Peer 1: 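Pasting a structure below so you can have a look.
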Amino acid sequence: MTKHRPPTAHTFQVDLRGLVDLLSHHLYSSPRVYLRELLQNAVDAVTARQRAQPGAPARITVRTGDPGSARDTGTVTVTDTGTGLTETDVHSFLATIGRSSKRTADGALDGAGLAAARADFIGQFGIGLLACFVVADEITVTSRSAAHPEAPPVEWRGHADGRYTLRTLPPGSVPEPGTTVRLTPRADGTEWTAPEQVIALAKHYGSLLRHEVTVSDARTGGSVRINETPPWERRHASPPARREALAEHCRALFGFRPLDSIELELPAVGLRGVAHVLPTPVNPAQRAGHRVHLKGMLLTDQATGLLPDWAFFVRCVVDTSGLRPTASREALYEDETLAAVRDALGARIRDWLTGLAAGDPALLHRFVDAHHLAVKALARYDDELLRMLLPWLPFETTDGTVTLEEFARTHATVLVTRSVEEFRQVAPIAGAAGLGVVNGGYTYDRELVHRLPEIRPGTAVADLDPATVTAHLDAADPDAELSAAGFLAIAREVIGEHDCDVVLRSFQPVTAPALLLDNREARHERTRAGLADRSDGLWADILGSLRAGAPRAQLVLNHLNPLVRRAATVRERGLAVTTAEALYGQALLLTRRPLRAAESALLNRAFLGLLDHAVHATERPEGGHREAPGAGPGKER
């Protein structure tokens, strides 16, 4: 009988080089995060010491180069006056991947009851030191514990291949509690440790850190402080001075001077900051990011989920303590808290807009000029805002670009098109006929126009239908209709092949020879007809049955136009066919929509036919001159 051995415990073997490669290629977006992780660990160490020892020094110094060195080795050293480490701490945390070394308020290392206390710390994942191996093969950590002053200083030296050494240092060799991390870059990492690059990275990530952070160059002795108090936390002499300070901060940070700055504050998540209103229009589909700091440390300058989609007209810079970062610490974690923050910040921006309507119409006018699309997007979901801002919103209409309120005062019935092409087809004729038409083809416009009766009782709104336009056009004189009957019969036969009717009307402007009323349903019908022609069997029968009663396009010929009056006198069938196709083609071009292959072929055929007729009409038969039809003495050529 086989005896079963009890399970044996084993420990995972970690390939540190493989892990570093994973971090550099899949977790972190760039090797530059090494300095962010070093600053983050230093800030957390200082925070932990101050929780245990209020009044303890709070300094972080970044140094580039080696003092007294004749050559630039690219060395970077980060020193903090934080809580420090003992020999036991080093074995437990620097040599154990994934464990955080954050401390409790009494200086003890982080344990099961630290969930609330961790809110004071930036780091949450315990792998920050590994980021340094992205640019260096060796890291040296020298530390002296503030919580255990009797413990000797220690030096830990770690290597990218997984080896590390640890030794204790003589008492007094480290003058004060804290930690110094020193790294010498590999040959392919020196670009990230150059003095000018280190200063730029420190300012990028640490500009809002609460503790003093300086960067110094060991070779020159120069130093610069890289962080400052955010402008929204400073005191200013007056409200205008505060607005100017916020505007200048926006210019330095984002490169533009804002129309206005909206201060943001959500104490529940420890969030403060500013939303700067862009002075120029932007594409709503382009989601430019916001700058989000987590307890002063820059998390990302490309945050896209902080505000509702409709608030694309602002750029934010905020500092928060209550939002969660992703594992890479380069984005916000999408959860219920972030969703609530997004809604709350959206409400704050909406309040700013409604405040402008009541208190600063001039600024609101400048804002709407630049961002009316954003206001329309917001107004779709907020009846109060729509009612308040409707007088300011511009719409393209047959009366020009005017506000919807102004347009509704002059037109009892507001007609709205479904597309830009439909509006362009009918705008000149509808305007001359006294019809009030709004271009509903732009984003949000048709939806907002249809909501107008909710806000302005008594106003009628309807989608534009081709029959509505033709009903407002004057009928042609009966004698003219009778005289043109022959040409119209041919035209209806020829143009009818394109699922289009032909009618004769009189309308302004006289310069328009024809109007093609072609709504969406008519275009869909032609698409169905094309599918039916290319289909067989049951499917063709089904598509064919759908054609019964389907709307058709209308080619409306303007009898006031000289070209149409001349065309109506054509009796020769070949010329009449070509003329009808030419008028239909011209009307197609005026719709400004893409032409189908059959329509392009029709245009080419019509122009070639007219050219061929003109050539033949001028030929000299038997040495004489052949006149064009209808062109005789005393007649108009």
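Heavy-atom basis, side chains included; hydrogens, waters and symmetry copies ignored. It should be emphasised that the depicted structure is a prediction, and the values quoted were computed from it without experimental measurement.
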Peer 1: First locate atom OG1 of Thr304, then atom CG of Leu332, and finally report the distance between them rounded to the nearest 0.5 Å.
Peer 2: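 It is 8.5 Å, given to the nearest 0.5 Å.
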
Peer 1: For the residue pair Val33 and Arg36, establish whether any side-chain heavy-atom pair is separated by less than 4.5 Å.
Peer 2: yes

Peer 1: Working to the nearest 0.5 Å, report the span between CG of Leu299 and OG1 of Thr326.
Peer 2: 6.5 Å

Peer 1: Checking side-chain polar atoms at under 3.5 Å, does Asp89 have a donor or acceptor matched by the opposite partner on Thr86?
Peer 2: yes

Peer 1: Is there a donor-acceptor pair under 3.5 Å between the side chain of Thr81 and the backbone N or O of Pro57?
Peer 2: yes

Peer 1: When rounded to the nearest 0.5 angstrom, what is the spacing between CG in Leu201 and CD1 in Ile226?
Peer 2: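 Here the rounded value is 10.5 Å.
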
Peer 1: Just by distance, no angles: are the side chains of Thr140 and Arg157 close enough, under 3.5 Å, to form a donor-acceptor pair?
Peer 2: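 There is such a pair (donor and acceptor under 3.5 Å, judged by atom type) between the side chains of Thr140 and Arg157.
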
Peer 1: Which pair of heavy atoms, one from Leu294 and one from Ser321, lies closest together, and at what distance?
Peer 2: CD1-CA, 4.3 Å

Peer 1: Would you give the length of the straight line joining atom CG of Leu259 to atom CG of Leu278, rounded to the nearest 0.5 angstrom?
Peer 2: 8.5 Å

Peer 1: Could you walk me through whether Lys203 and Glu228 satisfy the salt bridge (charged side-chain N to carboxylate O under 4.0 Å, His left out) test, starting with their C-alpha distance in whole Å, then the side-chain angles of each, then the deciding distance to 0.1 Å, before giving a yes or no?
Peer 2: CA-CA 10 Å; Lys203 288 183 176 179; Glu228 59 183 4; over 6 Å; no

Peer 1: Is the distance between the ring centroids of Phe133 and Tyr34 under 6.0 Å?
Peer 2: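 Centroid distance Phe133-Tyr34: not below 6.0 Å, so no.
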
Peer 1: Which heavy atom of Gln53 sits nearest to which heavy atom of Ala147, and what is that distance?
Peer 2: NE2-N, 4.5 Å

Peer 1: How long is the straight-line distance from CZ of Arg32 back to CD of Glu37, given to the nearest 0.5 Å?
Peer 2: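 Separation between the atoms: 12.5 Å.
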
Peer 1: Is the side chain of Thr193 donor-acceptor paired with the backbone N or O of Gly74 at a distance under 3.5 Å, no angle test?
Peer 2: yes

Peer 1: Test your reading of the model: is there a side-chain donor-acceptor pair from Arg446 to the backbone of Tyr444, 3.5 Å cut-off?
Peer 2: no

Peer 1: Got Trp192 and Val134 here, is their nearest side-chain heavy-atom distance under 4.5 Å?
Peer 2: no

Peer 1: Quick check on Glu336: does its CD atom have over 12 non-hydrogen neighbours (other residues, nucleotides or ligands) under 6.0 Å away?
Peer 2: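 Check fails, neighbour count at 12 or below.
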
Peer 1: Test side chain to side chain contact (heavy atoms under 4.5 Å, CB included) on Thr300 and His290 and set out the steps.
Peer 2: CA-CA 8 Å; Thr300 175; His290 308 287; over 6 Å; no

Peer 1: So which of Leu364, Asp369, Val375, Leu356 actually passes side chain to side chain contact (heavy atoms under 4.5 Å, CB included) with Trp392?
Peer 2: Leu364

Peer 1: Can you name the nearest heavy-atom pair linking Ser143 to Leu85, along with the distance?
Peer 2: OG-N, 2.7 Å

Peer 1: Less than 4.0 angstrom from a charged side-chain N to a carboxylate O is my criterion; do Arg324 and Glu334 meet it?
Peer 2: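 Salt bridge between Arg324 and Glu334, a charged N being under 4.0 Å from a carboxylate O: no.
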
Peer 1: I'd like to know if the side chain of Arg182 and the backbone of Val78 have a donor-acceptor N/O pair within less than 3.5 Å.
Peer 2: no

Peer 1: Would you say His365 has more than 12 foreign heavy atoms packed within less than 6.0 Å of its NE2?
Peer 2: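 12 or below, so no.
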
Peer 1: May I have all residue pairs that pass side chain to side chain donor-acceptor pair (under 3.5 Å) and include part of residues 247-269, sequence neighbours excluded?
Peer 2: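 Pairs touching residues 247-269 that pass the test: Arg242-Glu263, Glu244-Arg257, Glu248-Arg251, Asp260-Trp352, Ser261-His276.
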
Peer 1: Taking the side chain from Arg225 and the backbone from Asn227, do they hold a donor-acceptor pair closer than 3.5 Å?
Peer 2: yes

Peer 1: Could you check if a side-chain atom of Val282 sits within less than 4.5 angstrom of a side-chain atom of Phe312, using non-hydrogen atoms only?
Peer 2: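 Counting from C-beta outward, Val282 and Phe312 do come under 4.5 Å.
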
Peer 1: Cut-off 3.5 Å, no hydrogens considered: what does the side-chain donor-acceptor table look like for residues 165-178, sequence neighbours left out?
Peer 2:
residue	atom	partner	partner atom	Å
Arg167	NE	Glu155	OE1	2.9
Arg167	NH2	Glu155	OE1	3.4
Arg167	NH2	Glu155	OE2	3.4
Ser173	OG	Pro170	O	2.6
Glu176	OE2	Arg59	NH2	3.0

Peer 1: Is any side-chain heavy atom of Ile60 closer than 4.5 Å to a side-chain heavy atom of Val46?
Peer 2: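 SC-SC contact between Ile60 and Val46 confirmed.
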
Peer 1: Checking Glu212 side chain against Ala58 main chain: does a donor-acceptor pair fall under 3.5 Å?
Peer 2: no

Peer 1: Show, in sequence, the C-alpha distance, side-chain angles and deciding distance for Val135 and Arg186, and conclude whether the side chain to side chain contact (heavy atoms under 4.5 Å, CB included) test is met.
Peer 2: CA-CA 6 Å; Val135 296; Arg186 298 189 302 271; 5.5 Å; no

Peer 1: What's the shortest heavy-atom distance between Thr337 and Gly322, and which atoms?
Peer 2: CG2-O, 4.0 Å

Peer 1: Please evaluate residues Val141 and Thr180 with respect to the criterion side chain to side chain contact (heavy atoms under 4.5 Å, CB included), reporting the C-alpha separation (whole Å), side-chain torsions for both, the decisive distance (0.1 Å), and the verdict.
Peer 2: CA-CA 6 Å; Val141 178; Thr180 296; over 6 Å; no

Peer 1: According to the interplanar angle, ranging from 0 to 90°, do the rings of Phe254 and Phe256 count as parallel (below 30°), tilted (30 to 60°) or perpendicular (above 60°)?
Peer 2: parallel

Peer 1: To check you understand the geometry: which heavy-atom pair defines the closest contact between Ala245 and His236, and what is its length?
Peer 2: CB-NE2, 3.4 Å

Peer 1: Between Phe313 and Ile349, is any pair of side-chain heavy atoms under 4.5 Å apart?
Peer 2: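 Side-chain contact under 4.5 Å: yes.
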
Peer 1: If you measure from CG on Leu266 to CG on Leu271, what distance do you get to the nearest 0.5 Å?
Peer 2: 5.0 Å

Peer 1: Donor-acceptor pair, Thr179 side chain versus Thr79 backbone, under 3.5 Å?
Peer 2: no

Peer 1: State, with a plain yes or no, whether a side-chain heavy atom of Val181 is found less than 4.5 Å away from one of Ile139.
Peer 2: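 A side-chain contact under 4.5 Å exists here.
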
Peer 1: What I'd like to find out is whether the side chain of Leu264 reaches to under 4.5 Å of the side chain of Val318, using heavy atoms alone.
Peer 2: yes

Peer 1: Any salt bridge linking Arg272 with Asp319? Criterion: basic side-chain nitrogen under 4.0 Å from a carboxylate oxygen.
Peer 2: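 Result for this pair is no, no salt bridge flagged.
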
Peer 1: When you compare the side chains of Ser223 and Ser216, does any donor N or O come within less than 3.5 Å of an acceptor on the partner?
Peer 2: no

Peer 1: Please report the C-alpha distance between Tyr164 and His159 in whole Å, then the side-chain angles of each, then the deciding distance to 0.1 Å, and finally whether the side chain to side chain contact (heavy atoms under 4.5 Å, CB included) criterion is met.
Peer 2: CA-CA 6 Å; Tyr164 76 91; His159 302 269; 5.6 Å; no

Peer 1: Using side-chain heavy atoms (C-beta onward) and a distance below 4.5 Å, is Thr443 in contact with Lys376?
Peer 2: no

Peer 1: Return the minimal non-hydrogen interatomic distance between Leu208 and Arg210, and the atom names on each side.
Peer 2: O-NH1, 2.5 Å

